[in-house]
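I have placed the structure first, in the form of C-alpha cells, so that the comments after it can refer back to it.
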Amino acid sequence: MRRQKERRSIKSGMPPGALVHIGEKKSARTRIRLFEYGPEQVREQSAERIGDLPSAPAGAEVAWIDITGLHDTGVIETAGERFRIHPLTLEDILNTGQRPKAEEFDDYLYIVFNEAQFDPETGRIDTEQISLVVGERFLLSFQERPGDAFDPVRERIRRGRGRIRSFGCGYLAYALIDAVVDRYFAVLEQVGDRIERLEEALLGNPTREVSTEIHGLKREMMTLRRQILPMRQLVEDLLKSESKLIRGPADIFIADIRDHTLQVIDTLESYRDLLSGLLEVYLSSLSNRMNQVMRVLTVIATIFIPLTFIAGVYGMNFRYMPELEWRWGYAAVWGLMVTVGLVMLAVFKSKKWL
Amino acid sequence: MRRQKERRSIKSGMPPGALVHIGEKKSARTRIRLFEYGPEQVREQSAERIGDLPSAPAGAEVAWIDITGLHDTGVIETAGERFRIHPLTLEDILNTGQRPKAEEFDDYLYIVFNEAQFDPETGRIDTEQISLVVGERFLLSFQERPGDAFDPVRERIRRGRGRIRSFGCGYLAYALIDAVVDRYFAVLEQVGDRIERLEEALLGNPTREVSTEIHGLKREMMTLRRQILPMRQLVEDLLKSESKLIRGPADIFIADIRDHTLQVIDTLESYRDLLSGLLEVYLSSLSNRMNQVMRVLTVIATIFIPLTFIAGVYGMNFRYMPELEWRWGYAAVWGLMVTVGLVMLAVFKSKKWL
Amino acid sequence: MRRQKERRSIKSGMPPGALVHIGEKKSARTRIRLFEYGPEQVREQSAERIGDLPSAPAGAEVAWIDITGLHDTGVIETAGERFRIHPLTLEDILNTGQRPKAEEFDDYLYIVFNEAQFDPETGRIDTEQISLVVGERFLLSFQERPGDAFDPVRERIRRGRGRIRSFGCGYLAYALIDAVVDRYFAVLEQVGDRIERLEEALLGNPTREVSTEIHGLKREMMTLRRQILPMRQLVEDLLKSESKLIRGPADIFIADIRDHTLQVIDTLESYRDLLSGLLEVYLSSLSNRMNQVMRVLTVIATIFIPLTFIAGVYGMNFRYMPELEWRWGYAAVWGLMVTVGLVMLAVFKSKKWL
Amino acid sequence: MRRQKERRSIKSGMPPGALVHIGEKKSARTRIRLFEYGPEQVREQSAERIGDLPSAPAGAEVAWIDITGLHDTGVIETAGERFRIHPLTLEDILNTGQRPKAEEFDDYLYIVFNEAQFDPETGRIDTEQISLVVGERFLLSFQERPGDAFDPVRERIRRGRGRIRSFGCGYLAYALIDAVVDRYFAVLEQVGDRIERLEEALLGNPTREVSTEIHGLKREMMTLRRQILPMRQLVEDLLKSESKLIRGPADIFIADIRDHTLQVIDTLESYRDLLSGLLEVYLSSLSNRMNQVMRVLTVIATIFIPLTFIAGVYGMNFRYMPELEWRWGYAAVWGLMVTVGLVMLAVFKSKKWL
Amino acid sequence: MRRQKERRSIKSGMPPGALVHIGEKKSARTRIRLFEYGPEQVREQSAERIGDLPSAPAGAEVAWIDITGLHDTGVIETAGERFRIHPLTLEDILNTGQRPKAEEFDDYLYIVFNEAQFDPETGRIDTEQISLVVGERFLLSFQERPGDAFDPVRERIRRGRGRIRSFGCGYLAYALIDAVVDRYFAVLEQVGDRIERLEEALLGNPTREVSTEIHGLKREMMTLRRQILPMRQLVEDLLKSESKLIRGPADIFIADIRDHTLQVIDTLESYRDLLSGLLEVYLSSLSNRMNQVMRVLTVIATIFIPLTFIAGVYGMNFRYMPELEWRWGYAAVWGLMVTVGLVMLAVFKSKKWL
C-alpha cells in the first residue's frame with residue numbers, strides 16, 4: 001500500500017463539514033462527465049464545472065455525473081449544493097482514507113469504498129477512494145484520478161448491453177461496485193502469479209531479496225484485507241437496508257457482490273497463509289543451509305586438529321626421542337596421520353555428520 | 001490443492017450473467033444423463049444435448065438430469081432456458097471456485113459445493129465444483145468431470161434400495177450431498193495414514209523431505225478447512241430455510257449431514273494440530289542433532305588445542321631449555337599430554353558435554 | 001488419544017441408516033442388563049438377547065436397559081425395533097466417533113457423549129462412546145466395553161440411596177452423565193500429577209524424553225478439549241430443550257453438570273497453558289545450556305590460540321633470532337605466555353564470558 | 001496460583017449433594033459471627049455452632065451470618081437446614097475450586113467467587129473461595145480462612161457510615177463483592193511494582209532468575225484472568241436478573257462493580273502483554289549477548305590462525321630455505337605478522353565485526 | 001503510556017462514592033471557566049470556586065462549566081451538590097484510569113474518555129482522563145490539566161462559527177468528543193512518521209536501539225488500542241441510547257465520530273502489524289548478519305588449518321625426511337600450500353559459502 005502522506009491533522013480544530021481535500025493530488029484537473037440515459041436513449045457530455053451541465057435531466061431516467069479529481073473543492077461544493085448533499089458526506093468524499101461504508105440520508109445513499117491496483121514494478125497495491133452518491137434519479141461518482149475501472153460500465157451504457165439501460169440508479173450503483181470488486185480479482189491473480197514465482201525462487205536459491213519480497217507481499221495482503229473486510233459489512237448493510245434507492249430488482253445482484261467479496265477475502269486469507277508458509281520454508285532452509293556449512297567446516301577443522309598435534313609432537317626438540325632416529329619413522333608418522341584422518345572421516349560419515 | 005489456473009479476470013468488464021467457463025477443461029465432452037423415477041418405475045437415458053431429452057417428465061415424480069463437463073456453455077445455456085434458471089446461477093455454475101452456498105430462487109434452490117479427492121502420488125487434494133439446481137420435480141446436477149461420487153446413489157435408485165425412490169427431489173439432493181461429504185471421510189483417512197507414516201519417519205530420521213511433506217499436508221489441511229467451513233453454513237441455511245423444496249421428510253437427514261460436516265471439521269482441526277506438533281518435533285530434533293554434532297566436535301577441538309600448545313612449547317629452539325636435555329623429558333611430556341587430555345575428557349564427561 | 005483405526009469409509013455409498021459397527025471390537029460378547037425400579041422396588045436381570053427380557057416393564061416406573069458391546073448389530077437392531085428408534089439414531093450408536101450431541105425425536109431423546117480414561121503407562125487418554133436413548137419410561141444405554149463408570153449409579157439404585165429411585169428417566173440420564181463427567185475430573189487429576197512430575201524433572205535435567213512427554217500430553221489436552229467442548233453445547237441444549245423427558249425435577253442437576261463441564265474446560269485450558277509454558281522453559285533451558293557449553297569451550301580455545309602462536313614463533317628456524325640465545329629466553333617466554341593467558345582469563349571473567 | 005491439592009475425585013460416585021469438604025484445611029476451627037442491624041441499631045455476636053445463634057432476627061432488618069472455615073461439614077449442614085439451602089448449593093460451598101457464578105433459587109440467591117492475595121515472597125497469587133447466600137432478610141457468607149477483606153464492611157456497619165445500614169441484604173452483598181474486587185486492585189498494584197523491578201533488572205543484567213520470574217508472573221496472570229473472566233459474567237447475570245433480592249437500590253452499585261471488573265481485566269491483559277514483551281526483550285538480549293561473545297572470540301581466533309601458520313612455515317626444517325639465512329629475516333617475519341594482524345583487525349573493525 | 005503511579009488501593013475499604021483524587025496532580029490549581037451561550041449571545045467568565053459563578057444560566061441556552069485540575073476535591077463536591085450529580089459519578093471523575101464509557105442517569109448523561117498526546121522526546125503516549133456531565137441546559141467538563149484540545153471549540157463558540165451556537169448541550173458534547181478524537185489522528189501521524197524513520201534506520205544499520213524503540217512503540221500501540229476499543233463501545237451506546245440529552249440533531253455527527261473511531265482503530269492495527277513486521281525484519285537481518293560473519297570467519301579458519309598442518313609436518317625433526325633435503329623442497333611446499341588454499345577457496349566460492 002502506498003503510505004498515506006496526507007495529513008488529516010490539518011483539519012484538527014475545524015468544525016465538522018469543513019471542506020478540505022486530504023489526499024495526494026492525483027489528477028491534474030477536475031473532469032466532469034455526464035451520462036443521461038433511459039431504456040431508449042443515452043446522452044454523454046463533458047464539462048469542467050458543474051454549472052456547465054444542463055440543470056435537470058429532462059426525459060432521461062438516470063443521470064450519472066462522474067467526477068474525477070478531488071483537489072478542486074469548489075466543484076465538490078457546487079455539486080453538494082445542487083444535489084443537496086449533507087456537509088459530512090462532502091467531507092467524507094474529500095477526506096480520502098475512509099473506511100468503506102454505506103450511509104443512508106433522507107434523499108440519497110452515500111457509498112464509499114476503494115479500488116485497488118497492483119503495481120508490478122514495486123509489488124505494491126495502490127488504492128484509490130471511490131464515492132457514490134445515489135439519488136432517486138441521479139448518481140454522482142467521485143474518484144481521485146481517472147481510472148479505467150468504470151470504462152466497461154460506460155461501454156455497456158453506450159451500447160445498451162445487458163439490463164443496465166432499463167434499470168434505475170440502484171442497478172447502476174451495483175454495476176459500478178461490481179466493476180471495482182472485479183478489479184480485486186485481477187489484483188489477486190497478479191499477486192498469485194508473484195507468489196508462484198517466489199515459490200520457485202525459494203526452491204532454487206533462498207536469497208534475502210526473496211524474503212524481503214515475501215514480507216512485503218504479506219504486508220500488502222494484511223492491508224488489503226483490512227480494506228476489504230468493511231466492504232463485506234457495506235454489502236450486508238445494503239442488503240439489510242430498507243431504502244428503495246438500492247433495493248428492488250438489483251437485490252439479487254448485490255447478493256452476488258457479497259459472494260464475490262467473500263471469495264476475495266477467502267483468497268486473501270489463503271494467500272496470507274501461503275506467504276507465511278513460504279516465510280517458514282525460507283527461514284528453515286536458511287538455517288538448514290547455515291547448519292550444513294558450519295558442520296562441514298567444523299568437521300574439516302576437527303580432522304586436521306589431531307593431525308597437526310601429531311606433527312607438533314615430532315617437531316619437539318627433545319634430545320632423546322627414539323622415533324626420530326628410526327629409519328621408517330617419518331613414513332610411519334605419515335601412515336599414522338593418514339589412518340587417523342581416514343578413521344575420523346569414516347566415523348563422521350557413518351554418523352551422517354558430513 | 002491444485003493451484004487454480006483459471007483466470008477469473010477475463011470476465012472483468014463483462015455484464016453480470018455473461019456465460020464463460022472459468023476452470024480447467026477437465027472432461028473431453030459434455031455428457032448428460034437423465035434419471036426419471038418414482039416409487040414404482042425408473043428410466044435411465046443418456047444424451048449429448050439437452051434437446052435430445054424428452055420434454056416433460058411424464059408420470060415420474062423426479063427427473064434427475066446429471067450433466068458432466070462444463071466447457072460447452074451452449075449446453076448450460078439451453079438447460080438454463082428450459083428450466084428457467086437465473087443468469088447469475090448459470091454464471092456461478094460455470095465459474096468454478098465458488099464458495100459453497102445455498103441460494104433460494106422463486107422456482108428452485110441452488111446449491112454449490114466441492115468434492116474432494118486425495119491424490120496419493122502428489123499428496124495433494126484435488127477438488128471439483130458440484131452444482132445442484134433443485135426444482136419441485138426436477139434436479140439438475142453439474143460437475144466438471146465424470147466422478148464416481150454419485151455412483152452409489154445411482155445404484156440405489158436403480159435397485160430401489162432405501163427410501164430414495166419414494167421421496168422427492170429434496171431427498172435426492174440430500175443423498176447427493178451426503179455422498180460427497182462421505183468422500184471427505186475417505187480423504188481424511190488417507191491423510192491420517194500419511195500423517196502416521198510421517199510420524200514414524202520422523203522418529204527414524206528427520207530428513208528435509210519429511211518436513212516438506214508436513215508443510216505441504218498442513219497447507220492442504222488449511223485449504224480444505226477453508227472449503228468445508230462454508231459447507232457448514234450451507235447446511236445451516238438449508239435447515240433454517242422455509243422452502244418446501246428441501247424441507248420436509250429429508251429434514252432429519254440434513255441434520256445428519258450437519259453432524260458429519262462438524263466431524264469432518266473436527267478431524268481437520270486435529271490433523272492440523274497434529275501436523276503443527278510434528279513440525280515442532282522436527283525442528284527441535286533437527287536443532288538437537290545439530291547441537292549434539294557441534295558439541296562433540298568442539299569438545300574434540302578443545303581437547304587437542306592445549307596439547308598442541310604443549311607440543312609447540314617443546315618445539316621452540318631456545319638454546320637453554322633444560323627439559324630438552326633430560327633423559328626422560330620426551331616420555332614426561334607424553335605423560336603430561338595424556339594426563340591433560342584425560343582430565344579434560346573426564347571434566348567434559350562429568351559435565352555431560354560429551 | 002488412541003488413534004482411531006476404524007474405517008468410516010467402508011460405509012461410503014451405503015444408504016443412510018445402514019447398520020455397520022465402526023469401531024474397535026472392544027468387548028468379547030454383547031451383554032444386556034435390565035434394571036426395573038420404582039420408589040418401592042428394584043429388579044435386576046441379565047440377558048444376552050433383547051428377546052429374553054420381559055416384554056413390558058409392569059409396575060415399575062423406570063426400565064434401564066444397559067447394553068455393553070456394539071459389534072453384534074443384531075442386538076442393536078432388535079432394540080431399535082422394540083423401542084421404535086429411528087435408523088439414523090441406530091447408525092450413530094454404532095458409528096463410534098460421534099461428536100457429543102443431544103437430539104430430540106418424537107418418542108425419545110438421544111444423547112451421545114464420551115467417557116475418558118487415563119492410561120498411566122502410555123500417558124494417553126482412552127475414550128469410549130456412550131449413547132443414551134431416554135424414553136418416557138425406559139432408558140437404553142449403549143457402550144463399547146464393560147466400564148465401571150456406571151457402577152456407583154447401579155449401587156445407588158440397588159440401595160435406594162438419594163433421590164434416584166423416586167425420580168424418573170430424566171434423573172437417571174442426569175445421574176449417568178454426571179458419573180461420566182466426574183471421571184473427567186479423575187483423568188485431569190492424573191494429568192495434573194504427571195505435569196507436576198514433569199515440572200520437577202525439567203528443573204533437574206531437561207532430557208529429550210521430558211520434551212516428548214510434554215508434547216504428547218499437550219496433544220492429549222487438545223484432543224480432549226475438542227471432545228469436551230461439544231459436551232458443553234450438549235448440556236446447554238438439554239437446558240434449552242422443552243422436552244418433558246429430561247426437564248422437570250432434574251433441571252437444577254443439569255445446570256450442575258454444566259458447571260462441572262465448564263470447570264473441566266477451565267482446567268484443560270490451564271493445563272494446556274502450563275504445558276506450553278513448560279515447553280518454552282525446556283527450549284530456553286536447552287539453548288541456555290548449549291550456549292554455556294559453547295562459550296566455555298570457545299573461551300578455552302581462544303586462550304590457547306595466542307599461546308600456541310607464541311610457541312610457534314620461537315619454533316622458527318631463523319639463524320638470527322637473538323631471543324633464542326638469551327640465557328633466560330625460555331623462562332621469559334613462559335612468563336609471557338602465562339601472563340597473556342592470565343590477562344585473557346581475567347578479561348573474559350570480568351566480561352562474564354566464563 | 002497455589003496448585004490445587006484437593007482431590008475432587010474422592011467424591012466420584014457419590015450422589016449429588018453429598019457434603020464433603022474439598023480443599024485445604026485453611027483454618028483451625030470454624031467460627032461464626034452474626035451481625036444484626038437496621039438503620040437504627042446493630043448487634044454483633046460470635047458463636048461456634050449455628051444453634052448458639054438466636055433463632056430469628058427480631059426487629060433487625062438484616063442478619064449477616066459470617067462463617068469462616070469449611071472443614072466442619074456439620075456446621076454447613078445445620079446452616080443449610082435452618083435456612084433451607086439446596087443440597088447442590090451446600091456442595092458448591094464446600095467444594096472449593098468453583099467457577100464464579102450467581103445462581104437464583106426460590107428463596108435465595110447463591111453467589112460464589114474468589115478473593116485474591118499476592119504473596120510477595122513466592123510471587124504467587126493465593127486465592128480463596130467466598131460464597132454468599134443472599135436471602136430476603138439474611139445473608140450467609142462462607143470463606144475458608146479468616147481474611148480481612150470484609151473488615152472495612154464490618155467497620156462501616158458498626159459505625160453506621162454510608163448507606164449500608166439503611167439498605168437491605170442486596171446492598172450488603174454488593175458491599176462484600178465490592179470489597180473483594182477492590183482487593184484485586186491491590187494485588188495488581190503489587191504485580192505492577194514487581195514488573196517494574198523486573199524491567200529494571202532486565203536492563204541491568206538479564207539473568208536466568210529474571211526470566212523464571214517473568215514466566216511465573218505470566219502464568220499467574222493467565223490463571224488470574226481465567227478466574228476473573230467468569231466474574232464479569234457473574235455481574236452481568238446479577239444485572240440481568242429479575243430477582244428482587246439483589247435488584248433495586250443496589251442496581252447502580254452493581255454496574256459500578258462491573259466497571260471495576262472490566263478495569264481489572266484490562267489491567268491484567270496489559271500486564272500479560274508487558275510480560276510477553278519483557279520475555280521477548282530478555283530472549284533477544286540473551287541471544288544478542290551470546291552472538292557478541294562468539295563473534296569477538298571467533299575474530300580473535302581468526303586473527304591468530306594465519307599468524308600461527310606463518311610461524312609454522314618458518315619452523316619447517318628444509319635445508320634450503322633462503323629466508324632463514326637472511327640477516328633481517330626474523331625481523332621481517334615479525335613485521336609481516338604484525339602487518340597481517342593489523343590489516344585483519346582493521347578489516348574486521350571496518351565491517352563492524354568487532 | 002506513562003505508567004500509572006496513582007494508587008487505587010488507598011481507597012480499598014472506603015464506602016463507594018468516597019471522594020479521593022486518584023491520579024497525578026497535573027495542574028497547580030483548579031480553574032473553572034464558564035461559557036454561557038445561545039444563538040444570539042455568548043458570555044465567558046473565569047472563577048476559582050463554583051460559588052463564584054452566577055447561580056442560574058439566565059437567558060442563555062447552554063452553560064458550559066469547564067473545570068481543570070482534579071486534586072481539589074472540594075470543588076468537585078460543590079459542583080456535585082449544585083448539579084445533583086450521583087456520588088458514584090463524582091468518584092469516577094476523580095479516579096482517573098476509568099475505561100471510556102457513557103452512563104445514563106435520571107438528570108444527566110455521564111461520559112468519560114481519554115485524550116492522548118504523543119511525547120516526541122520519550123516516544124511515549126501521554127493520556128489524560130476527560131469527564132463530561134451533560135444535562136439538559138448545562139454541560140460540565142472535567143480534565144486533569146489545562147489542555148488545548150478544547151481550544152478550537154471555544155473559538156467556534158466565541159466566533160459563532162458553524163452550528164455550535166444554535167444547537168444544545170448534545171451538540172456541544174459531540175463537538176468536545178470530536179475534538180479529542182481528532183487529537184488521536186495527530187498522535188497517530190506522529191507515530192507513523194516515527195515508524196517510517198525506524199524503517200529507514202533498519203535498512204541502514206539494525207542497531208539494538210532501533211529494536212528497543214520498535215518494542216516500545218508496539219507496546220504504546222497495544223495500550224492505546226486498549227483505550228480506544230471501549231471508546232467505540234461508548235459511541236455505540238450513545239447511538240443506541242434513547243436519552244433526548246444526546247440524541248436529536250447531533251445524531252448524524254455521533255455516527256461521524258464512530259467512523260473516526262473505527263479509522264483510528266484500523267490505523268492502530270495496521271501500525272501494530274507494521275511494527276511486528278519490522279521486528280521480524282530486524283531479527284532476521286540480525287541473525288543473517290551474524291550467520292554471514294560466522295561463515296566468513298569459519299571459512300578463513302578452515303582454509304588455514306590444513307596449511308598449518310602441512311607446515312607442521314615439515315617442522316618435524318625426523319632424521320630421514322627425504323623432502324627436507326631436496327633442492328626445491330621448500331618451494332614445492334609453498335606451491336602445495338598455495339594450491340591447497342586456492343582450491344579450498346574455489347570450492348567454498350562455488351558452494352557460495354563465502
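Just so we're on the same page: letters track the sequence lines, and every chain starts at 1.
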Given a strict heavy-atom distance threshold of 4.5 Å, which part of [X] is in contact with chain D: side chain, backbone, both, or neither?
X       : answer
F309(E) : neither
L297(E) : both
L279(E) : side chain

Any chance you could measure [X], atom [atom1], to [Y], atom [atom2], to the nearest 0.5 Å?
X       : Y       : atom1 : atom2 : value
T298(D) : R295(E) : OG1   : CZ    : 14.0 Å
W328(E) : Y320(D) : CH2   : OH    : 10.5 Å
L274(D) : M222(E) : CG    : CE    : 7.0 Å
R226(E) : I265(D) : CZ    : CD1   : 11.5 Å

Item to complete: Step by step, work out the side-chain contact (heavy atoms from CB on, under 4.5 Å) result for M321(E) and N317(D).
Response: CA-CA 10 Å; M321(E) 288 176 69; N317(D) 295 319; 5.9 Å; no

Discussion item. For chain D, which candidate among V333(E), T212(E), I300(E) shows the most heavy-atom pairs at distances under 4.5 Å?
Written reply: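 When all of V333(E), T212(E), I300(E) are compared, V333(E) has the most.
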
Against chain E, label [X] side chain, backbone, both or neither, depending on which of its atoms sit under 4.5 Å from a heavy atom there.
X       : answer
Y314(D) : side chain
D256(D) : side chain
Q292(D) : neither
V181(D) : neither

In terms of heavy-atom pairs under 4.5 Å, which option from [options] contacts chain E the most?
options                            : value
A149(D), G277(D), A311(D), S270(D) : S270(D)
A175(D), G312(D), P306(D), G315(D) : P306(D)
M294(D), K351(D), M316(D)          : M316(D)
L188(D), V281(D), T302(D)          : T302(D)

Item to complete: Taking the side chain as every heavy atom from C-beta outward, state whether F304(E) and T308(D) have any atom pair closer than 4.5 Å.
Response: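 Sidechains of T308(D) and F304(E): no contact.
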
Worksheet item: Any side-chain heavy atom of D259(D) sitting closer than 4.5 Å to one from K101(E)?
Response: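 In contact.
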
Discussion item. To check you understand the geometry: which heavy-atom pair defines the closest contact between A301(E) and I305(D), and what is its length?
Written reply: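 Where A301(E) meets I305(D) most closely, the heavy atoms are CB-CD1, 3.7 Å.
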
Discussion item. So if I apply the side-chain contact (heavy atoms from CB on, under 4.5 Å) rule between R319(D) and each of R327(E), E323(E), E325(E), which one comes out positive?
Written reply: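 The side-chain contact (heavy atoms from CB on, under 4.5 Å) with R319(D) is passed solely by E325(E) among R327(E), E323(E), E325(E).
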
Fill in: Mutual orientation of the aromatic rings belonging to Y330(E) and F318(D) [parallel < 30°, tilted 30-60°, perpendicular > 60°]
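Tilted.
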
Practice prompt. Check the pair E199(D), R219(E) against salt bridge (Lys or Arg N to Asp or Glu O under 4.0 Å), reporting the backbone distance first and the verdict last.
Written response: CA-CA 14 Å; E199(D) 213 165 2; R219(E) 196 167 62 185; 2.9 Å; yes

